[in-house]
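Keep in mind it's a predicted model, so treat the numbers as computed, not measured.
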Amino acid sequence: MKKHSAKVAPASSFSVSELHAAIIDGGEGLQSNTENNTGDAEKSRCQSYTSTFLKFVWGFLIILSVSSSWVGTAQIIKITYKNFYCPFFMTWFSTNWNIMFFPVYYSGHFATAQEKQTVLQKFRECSRIFGEDGLTLKLFLKRTAPFSILWTLTNYLYLLALRKLTATDVSALFCCNKAFMFLLSWIVLKDKFMGVRIVAAIMAITGIVMMAYADGFHGDSIIGVALAVGSASASALYKVLFKMFLGTANFGEAAHFFSTLGFFNLIFISCMPVILYFTKVEYWSSFSALPWGYLCGVAGLWFAFNILVNVGVVLTYPILVSIGTVLSVPGNAAIDLLKHEVIFSVVRLGATIFICLGFLLMLLPEEWDEITLRFINSLKEKKSEEHTEDIAESSVHTRSRSRANGTVSIPLS
């Protein structure tokens, strides 16, 4: 009787070659995942660098455009004053151009947005800056009236100051609005106290006093300084009240608000130029005698300046937009010096420098001290790492030299 031996195969068995192949496949999969992760990280880093570079490019263009438009506005106003001096009419006429703000914004939205909205839908969406119910007649009068008055007052005082002072002095004094805005925000909005901004405010006030003293506290100089400081103060109050009642606004909401200001100006402020005309305070012989080219130039540049300031915040860093404003001071100074042959006294030059330095100090972020300390510590760590690497390299060279000479260095215990 033959015995049959039964061979039972294991449930799962791998040969050596199959096991080796599985290990290789697993390693290749792990390597491919690592390569994919590395590629994604490099791609995101590249996109981040590209975005930052584009922001700086846009920032450079915005700086040039903002400073050029602000310089051009002041210089054309000075030219207009030679034959036509009606500052309130010029203020009213320029403010009416704000009506076009929302149509310009919607044109950009319609040309670039993937999901397009109708004019009415976009208008209702942007009107939420006035509240959840949108823009009502009560809110139109309640919210728009004080801002329209402050807007008109700011521009009117600015135009009056340009009659008394050079464009350089007025543009420098107007930069004090940053210091006034900080003081008002600190008092009214209870913003964070910053010692460096207090120093900047003191520098701005010192510059104002020096500017007034430049011609001995008499004549057109002191009146012009008072008008320019009044314009800067009204601008600061406008911005603080905007932040208090309306908060932060995106570009669409800002465009809606500017257009609303333009409509309020056209409806309710139009009576003032008429009154000034018939009282002979601001009088012209006929409408054909008006310098429409200069008036449209001033209004167009002012309108472009406001658009650039709001667009610049979207496209680049807000600090670069502010730098564009302060660069109007040297821009006006160059034109006044070369074209109008204005001679700047040492006191006036020192006052301008004080105000501009105070303006730049105001641009420092709230955490500027922590950022500075972090940057200094990173530099120290980098230097210490470089020093350690230099010591390691020198010790390696010493050992290799010793071995070449047949000596062995014995470490000290």
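- No more than 12 heavy-atom neighbours from other residues, nucleotides or ligands sit within 6.0 angstrom of CD1 on Ile343.
- Using a 4.0 Å cut-off between charged nitrogen and carboxylate oxygen, Asp191 and Lys243 count as a salt-bridge pair.
- Annotation: side chain of Pro87 is in contact with side chain of Glu282 (closest heavy-atom distance under 4.5 Å).
- A donor atom on one side chain and an acceptor atom on the other are not found under 3.5 Å apart for Thr152 and Trp92.
- No side-chain heavy atom of Phe359 sits under 4.5 Å from any side-chain heavy atom of Val329.
- Aromatic ring centres of Phe130 and Phe140 lie farther apart than the 6.0 Å criterion allows.
- Between Met362 and Ser322, the closest side-chain pair of non-hydrogen atoms is not below 4.5 Å.
- Looking at heavy atoms from C-beta onward, Phe263 lies out of side-chain contact with Thr144 at the 4.5 angstrom threshold.
- Side-chain atoms of Arg197 come within 3.5 Å of backbone atoms of Leu364 as a donor-acceptor pair (strictly under, hydrogens ignored).
- Between the side chain of Ser68 and the main chain of Ser65, no donor-acceptor pair closer than 3.5 Å is present.
- Of the possible donor and acceptor atoms, one in the side chain of Lys116 sits under 3.5 Å from a partner among the backbone N and O of Ala113.
- A 4.5 Å side-chain heavy-atom check between Ser221 and Arg348 finds at least one atom pair inside the cut-off.
- Residues Leu261 and Thr95 are not in side-chain contact: their nearest non-hydrogen atoms beyond the backbone lie 4.5 Å or more apart.
- Here the side chain of Thr154 pairs a donor or acceptor atom with the backbone of Ser235 at under 3.5 angstrom.
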Exercise for the section: For Thr166 and Thr168, run side chain to side chain donor-acceptor pair (under 3.5 Å): C-alpha distance rounded to whole Å, both residues' side-chain angles, the deciding distance at 0.1 Å, then the answer. Expected result: CA-CA 5 Å; Thr166 63; Thr168 305; 4.5 Å; no

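- Among the candidates Phe88, Phe84, Trp292, the single residue satisfying the ring pair (Phe, Tyr, Trp, His ring centres under 6.0 Å) test with Phe93 is Trp292.
- Using a distance-only test at 3.5 Å, with no hydrogens or angles considered, no donor-acceptor pair links the side chain of Gln75 to the main chain of Gly72.
- Counting non-hydrogen atoms of neighbouring residues, nucleotides and ligands closer than 6.0 angstrom, the CZ atom of Phe110 reaches no more than 12 such neighbours.
- In terms of heavy-atom proximity, Lys78 sits nearest to Leu162 at NZ-O, 2.7 Å.
- When the options Phe287, Trp284, Tyr156, Tyr283 are evaluated for a ring pair (Phe, Tyr, Trp, His ring centres under 6.0 Å) with Phe89, the one that passes is Trp284.
- The aromatic rings of His256 and Phe123 sit tilted, their planes meeting at an angle between 30° and 60°.
- Under a cut-off of 6.0 angstrom, the local environment of CZ in Phe60 is sparse, with at most 12 non-hydrogen atoms contributed by other residues, nucleotides or ligands.
- Pro146 places none of its side-chain heavy atoms less than 4.5 Å from the side chain of Leu241.
- Using a 30° and 60° split on the angle between ring planes, Tyr238 and Phe257 fall in the tilted class, from 30° to 60°.
- The two residues Trp70 and Ser328 come nearest to each other via the heavy atoms CD1-OG, 3.2 Å.
- The nearest pair of heavy atoms linking Ser69 to Leu308 is OG-CD1, 4.1 Å.
- Judged by distance alone, with hydrogens and angles left aside, the side-chain atoms of Ser231 form no donor-acceptor pair with the main-chain N or O of Leu227 at under 3.5 Å.
- Side-chain contact between Met90 and Tyr81: present, with at least one pair of heavy atoms (C-beta onward) separated by less than 4.5 Å.
- Atom NZ of Lys55 sits in a crowded spot, with more than 12 heavy atoms from other residues, nucleotides or ligands closer than 6.0 Å.
- If you look at Trp151 and Phe258, their ring centroids are closer than 6.0 Å.
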